[in-house]
Colleague: 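Input: one structure, supplied below.
These figures come from a predicted structure and were not determined experimentally.
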Amino acid sequence: ADRFMDLPTGRVLPERDFGGQRFVFHVAADAEWHPWRFDGWEYRDIGIEAATDGLAGVRVARPSAADRTPASTHDAEFVFAFVLRGSLVLHVEGLAPQPLGTDDSVVVPAGTVHWFEQCSPDLELLDVTLPAVVPQVVHHAAAAGHG
């Protein structure tokens, strides 16, 4: 957590392997944004996927040309979203819409139809997944009900 700390070896060795794990040093200002798993969204990778050989993924996602995600499900072990800034309305099929704002979080169980709407332009989500890559399955019937 201390980027100014002197390392015991005196050298930065980002590829050094510790039983299949590596340390990560992420500088947000230097990160590149890439298309996220939903059209109209983008993310910056924190580096956890590479450091854990795909065991886990951590990224910051934001809307780039959309203010919602499609209704979808996943089959991952763990999907967690933490609102770093901004706001959205979480929809889970069969439940009342839930507004989320800065410092709110949600864990989405596998197989749960869900989507985000009314995403503020400044929205940034910390997206944590096990495994790192989580394909989403879009549900068009549910999507038709949310505009």
Colleague: Determine, stepwise, if the pair Arg37 / Arg59 fulfils side chain to side chain contact (heavy atoms under 4.5 Å, CB included).
Modeller: CA-CA 11 Å; Arg37 60 183 175 253; Arg59 59 205 66 77; 4.0 Å; yes
Colleague: Hey, is the main chain of Asp122 close enough, under 3.5 Å, to the side chain of Arg85 for a donor-acceptor pair?
Modeller: yes
Colleague: What is the distance from atom CG of Leu123 to atom CD of Gln118, rounded to the nearest 0.5 Å?
Modeller: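 With rounding to 0.5 Å, CG (Leu123) is 12.0 Å from CD (Gln118).
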Colleague: Taking all atoms of both residues into account, what is the closest heavy-atom pair of Gly86 and Ser120, and its distance?
Modeller: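 Closest approach of Gly86 to Ser120, heavy atoms only: CA-OG, 3.3 Å.
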Colleague: Hey, what do you get for CZ (Arg44) to NE2 (His34), rounding to the nearest 0.5 Å?
Modeller: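 Arg44 atom CZ to His34 atom NE2 measures 11.5 Å (nearest 0.5 Å).
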Colleague: Just checking Asp104: does its CG atom have more than 12 heavy atoms from other residues, nucleotides or ligands closer to it than 6.0 angstrom?
Modeller: yes
Colleague: Tell me the closest heavy-atom pair linking Ala110 and Ala76, and the distance in Å.
Modeller: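 Result for this residue pair: CB-O, 3.6 Å.
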Colleague: Should Asp53 and Leu55 be marked as a side chain to side chain contact (heavy atoms under 4.5 Å, CB included) after you check the CA-CA gap, both sets of side-chain angles, and the distance that decides it?
Modeller: CA-CA 6 Å; Asp53 290 329; Leu55 176 67; over 6 Å; no
Colleague: Report yes or no: do Ser72 and Gln136 form a side-chain donor-acceptor pair below 3.5 Å?
Modeller: yes
Colleague: Give the ring-plane orientation class for Trp41 versus Phe116, where under 30° counts as parallel, over 60° as perpendicular and anything between as tilted.
Modeller: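 Tilted: the ring planes of Trp41 and Phe116 meet at 30° to 60°.
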Colleague: How far apart are the C-alpha atoms of Val133 and Glu49, what are their side-chain angles, what is the distance that settles it, and do they pass the side chain to side chain contact (heavy atoms under 4.5 Å, CB included) test?
Modeller: CA-CA 8 Å; Val133 177; Glu49 178 179 359; 3.7 Å; yes
Colleague: If you draw a 6.0 Å radius around CG in Asp75, do more than 12 non-hydrogen atoms from other residues or ligands fall strictly inside?
Modeller: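 Atom CG in Asp75 is not crowded, with 12 or fewer foreign heavy atoms closer than 6.0 Å.
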Colleague: Do Val60 and Trp33 have side-chain heavy atoms sitting under 4.5 Å apart?
Modeller: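 When only atoms from C-beta onward are counted, Trp33 and Val60 do touch, with a gap below 4.5 Å.
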Colleague: Just verifying a value: how many Å separate Thr69 OG1 and Leu90 CG, rounded to the nearest 0.5 Å?
Modeller: 9.0 Å
Colleague: Treating Ser64 as the side-chain partner and Gly40 as the backbone partner, does any N or O pair qualify as donor plus acceptor under 3.5 Å?
Modeller: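 Side chain of Ser64 to backbone of Gly40, a donor-acceptor pair under 3.5 Å: yes, one is there.
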Colleague: Answer whether the closest heavy-atom distance between the side chains of Leu125 and Leu88 falls below 4.5 Å.
Modeller: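 The answer is yes; the side chains approach within 4.5 Å.
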Colleague: Kindly assign one of parallel, tilted or perpendicular to the pair Phe38 and Trp36, based on the angle between their ring planes and the thresholds 30° and 60°.
Modeller: perpendicular
Colleague: Do you know the tightest heavy-atom contact between Val108 and His74?
Modeller: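 Smallest interatomic distance, heavy atoms only, reads O-NE2, 2.7 Å.
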Colleague: Looking at every non-hydrogen atom in both residues, tell me the closest pair between Pro109 and Thr112 and how far apart they are.
Modeller: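 Closest pair (atom of Pro109, atom of Thr112, distance): O-OG1, 3.0 Å.
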Colleague: Which pair of non-hydrogen atoms, one from Gly54 and one from Pro131, has the smallest distance, and what is that distance?
Modeller: O-CB, 3.7 Å
Colleague: In Å, rounded to the nearest 0.5 Å, how long is the span from CG of Leu84 to OG1 of Thr102?
Modeller: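 Leu84 atom CG to Thr102 atom OG1 measures 8.5 Å (nearest 0.5 Å).
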Colleague: Distance check, rounded to the nearest 0.5 Å: Leu126 atom CG versus Phe80 atom CZ?
Modeller: 6.5 Å
Colleague: What do the steps show when you test Asp103 against Phe82 for side chain to side chain contact (heavy atoms under 4.5 Å, CB included), and what is the final call?
Modeller: CA-CA 7 Å; Asp103 296 335; Phe82 180 87; 3.7 Å; yes
Colleague: Kindly work out whether a path of hydrophobic side-chain contacts (I/L/V/M/F/W/Y, heavy atoms less than 4.5 Å apart) joins Trp115 to Val89.
Modeller: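 Result: no, two separate clusters.
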Colleague: Determine the minimum heavy-atom distance between Ala71 and Val113, stating which atoms define it.
Modeller: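 Closest heavy-atom pair between Ala71 and Val113: CB-CG1, 4.1 Å.
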